[in-house]
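Below you'll find the structure, written out as structure tokens, and then a few comments.
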Amino acid sequence: QVRLMESGGGSVQAGGSLRLSCAASGLVYSSYCMGWFRQAPGKEREGIAAINGDGRTSYADSVRGRFTISQDNAKHTLYLQMNTLKPEDTAMYYCAAGHFAPYVCDAEFWSHDKGYSGQGTQVTVSS
């Protein structure tokens, strides 16, 4: 059974940084598409980053250049480094995973309700 658990959220001022972590179990990273999506109250779910088994990454325009997705296969952990945070980044952030073909594994893919996801971690950015 795939289990995902996010951590690292919190409250920061605009311009600050946070690093989210996602501890994963029950999957083999090399064959999975991993990613992050977020959802703010009253807004649609937004896929923001993805990484596939060969390390190829993808980002939404809203976070490209500020966020970095990475994974540590030995620790079975997915990360999202978030820099230069903005108030509009305020949302619940979720880790996601699924056994999908590499060609579909991009940030936009995680805007859809696919695969597995964790319980989320809240990120609040104040101006």
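In this pair, W110 and F100 present their aromatic rings perpendicular. The plane angle is above 60°, beyond the 30 to 60° band.
S127 and P87 make their closest contact through CB-CG, 3.9 Å (heavy atoms, listed as atom of the first residue, atom of the second, distance). Nearest heavy atom pair, residue M34 against residue C105, reads N-SG, 4.2 Å. In plain terms, the two heavy atoms of T121 and G9 that are nearest each other are OG1-N, 3.1 Å. The two atoms that bring A49 and L80 nearest to each other are CB-CD1, 4.1 Å, heavy atoms only. When every heavy atom of G47 is checked against every heavy atom of S111, the shortest pair comes out as N-OG, 2.8 Å. The minimum heavy-atom distance between A107 and A60, with the atom names listed, is CB-N, 3.6 Å.
Put simply, the side chain of V125 does not reach to within 4.5 Å of the side chain of L18, judged on heavy atoms. For the pair T90 and Q122, the minimum side-chain heavy-atom distance is below 4.5 Å. Counting only heavy atoms from C-beta outward, the side chains of L4 and L27 approach each other to under 4.5 Å. T68 has its side chain within reach of Y59: a pair of non-hydrogen atoms, C-beta onward, lies under 4.5 Å apart. D113 has its side chain within reach of R45: a pair of non-hydrogen atoms, C-beta onward, lies under 4.5 Å apart. At least one side-chain heavy atom of I48 sits less than 4.5 Å from a side-chain heavy atom of Y93. L20 has its side chain out of reach of Y79: every pair of non-hydrogen atoms, C-beta onward, lies at least 4.5 Å apart. A 4.5 Å side-chain heavy-atom check between W36 and C95 finds at least one atom pair inside the cut-off.
A donor and an acceptor atom, one from each side chain of D72 and T77, are nowhere located under 3.5 Å apart. At a cut-off of 3.5 Å, with distance as the only test, a side-chain donor of E46 or S62 sits close to an acceptor on the other residue.
In this structure, the separation between CD on Q1 and OH on Y116 is 8.0 Å, given to the nearest 0.5 Å. Note that the CE atom of M5 and the OG atom of S25 stand 8.5 Å from one another [nearest 0.5 Å].
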Check the pair Q81 / S17 against side chain to side chain contact (heavy atoms under 4.5 Å, CB included), numbers first and verdict last.
CA-CA 8 Å; Q81 177 66 44; S17 298; 4.0 Å; yes
Salt bridge (Lys or Arg N to Asp or Glu O under 4.0 Å) between R38 and D89: does it pass, once the steps are laid out?
CA-CA 9 Å; R38 65 187 181 186; D89 294 318; 2.9 Å; yes
Could you walk me through whether Y103 and N52 pass side chain to side chain contact (heavy atoms under 4.5 Å, CB included), step by step?
CA-CA 9 Å; Y103 70 89; N52 68 9; over 6 Å; no
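Judged purely by atom type and a 3.5 angstrom limit, S58 has no side-chain atom pairing as donor or acceptor with the backbone of D106. Judged by distance alone, the side chain of R56 and the main-chain N or O of P102 form a donor-acceptor pair under 3.5 Å.
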